[in-house]
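Just below is one structure, and these are the notes that go with it.
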Amino acid sequence: MSFNWLGEYNLSWWLIIVAWLVAMSGRLTLTIFGPGGQLKGDDNFELYNPKDPRGYTERIQKAKHLPLDIRAKLIRSEAALQNGLENLPLFAASVVAANVQRLNILYLNIYSILYILIRLAYNWVYIWGQGNIRMPALTRTYLWLACNVVLALLFLSPGLKESVDTEETWTYWVAKAWKAKSGNLDDWTKYLDTQEGVVLDKRH
């Protein structure tokens with residue numbers, strides 16, 4: 001199977017929308033389109049009220065008649081939702097920064113897809129895995145750290161590459177300036193103009 005398309009089509013903008021859907025996945029699967037949306041609280045009203053979604057977690061906590069495992073899973077799904085929405089702006093900003101600095105499309109797509117996959121794994125562990133005693137306690141923490149490492153790579157990679165290119169170029173310029181300090185100033189000016197054009201080509 002060929003993955004050449006990863007280096008040809010910029011998927012990062014679309015993956016911002018996918019990241020939002022991943023963040024919403026817990027509420028969508030367990031509440032809006034799942035059994036949680038039909039559960040009733042102690043006051044015999046539905047737990048999930050579309051007019052007051054922010055009060056959903058509090059109503060779950062007060063629904064003492066619900067089995068403990070169901071209450072815990074619903075509460076964790078809301079916590080995963082909040083974490084995903086808090087992390088989403090960081091991903092969006094990283095995608096914008098990488099596109100503005102014209103990060104290689106292959107790396108841009110790989111980092112963006114990796115972020116989505118880690119977030120999916122994070123949500124599964126948070127909502128369903130944490131109820132399993134066989135799940136290592138720090139699994140969710142490791143996934144959270146991995147997610148933020150990917151964000152750092154996505155955000156910083158263009159700047160790191162540009163810094164390396166600039167440093168190499170200026171080192172070369174200083175060496176040439178030292179050799180040409182007794183040479184013709186006009187020739188040296190023309191040389192600098194030429195090198196500046198080379199740097200601009202590298203960045204674009």
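Note that the numbering runs from 1 along the sequence shown for the chain.
Side-chain heavy atoms closer than 4.5 Å link hydrophobic residues (I, L, V, M, F, W, Y) into clusters, and following such links, even through other members, never connects Tyr142 to Tyr115. Hydrophobic clustering places Val100 together with Leu151 (ILVMFWY residues linked when any side-chain heavy atoms are closer than 4.5 Å, directly or through intermediates). Clustering ILVMFWY residues whenever any of their side-chain heavy atoms sit less than 4.5 angstrom apart, transitively, puts Met135 in the very cluster that holds Trp128. In the hydrophobic clustering of this structure, Leu30 groups with Leu28; members are Ile, Leu, Val, Met, Phe, Trp, Tyr whose side-chain heavy atoms approach within less than 4.5 Å, directly or through other members.
Checked against the 6.0 Å centroid threshold, Tyr122 and Tyr126 count as a close aromatic pair.
The line from SG of Cys147 to CG of Leu117 is 11.0 Å long, rounded to the nearest 0.5 Å. The CZ atom of Phe91 sits 6.0 Å away from the CD1 atom of Ile16 when rounded to the nearest 0.5 Å. Between atom CE of residue Met24 and atom OG1 of residue Thr31 there is a gap of 9.5 Å, rounded to the nearest 0.5 Å. Ile116 contributes atom CD1, which lies 11.0 Å from atom CG of Leu11 (distance to the nearest 0.5 angstrom). Distance CD1/Ile60 to CD1/Ile75: 6.0 Å, rounded to 0.5 Å. The CG atom of Leu153 sits 11.5 Å away from atom OH of Tyr107, with the distance rounded to the nearest 0.5 Å.
Between Asn99 and Ser12, the closest side-chain pair of non-hydrogen atoms falls below 4.5 Å. Side-chain contact check for Leu103 versus Tyr111: some heavy-atom pair is nearer than 4.5 Å. Between Tyr9 and Ile105, every side-chain heavy-atom pair lies at or beyond the 4.5 Å cut-off. Val95 has its side chain out of reach of Leu15: every pair of non-hydrogen atoms, C-beta onward, lies at least 4.5 Å apart. Residues Trp13 and Val96 have side chains in contact (heavy-atom distance under 4.5 Å, counting atoms from C-beta outward). Side-chain atoms of Arg71 and Gln61, non-hydrogen and from C-beta on, never get closer than 4.5 Å to each other. In this structure, the side chains of Phe155 and Leu90 stay at 4.5 Å or more apart for every pair of heavy atoms. The shortest distance between side-chain heavy atoms of Asn123 and Leu120 does not fall below 4.5 Å.
When all heavy atoms are compared, the tightest approach of Leu88 to Ala19 is CD1-CB, 3.6 Å. Listed here is the closest heavy atom pair of Ser77 and Ile127: CA-CG1, 3.7 Å.
A side-chain N or O of Asn83 and one of Arg119 form a donor-acceptor pair less than 3.5 Å apart. Of the N and O atoms on the side chains of Arg140 and Gln130, at least one donor lies less than 3.5 Å from an acceptor on the other residue.
No more than 12 heavy atoms of other residues, nucleotides or ligands shown are found within 6.0 angstrom of CH2 on Trp20.
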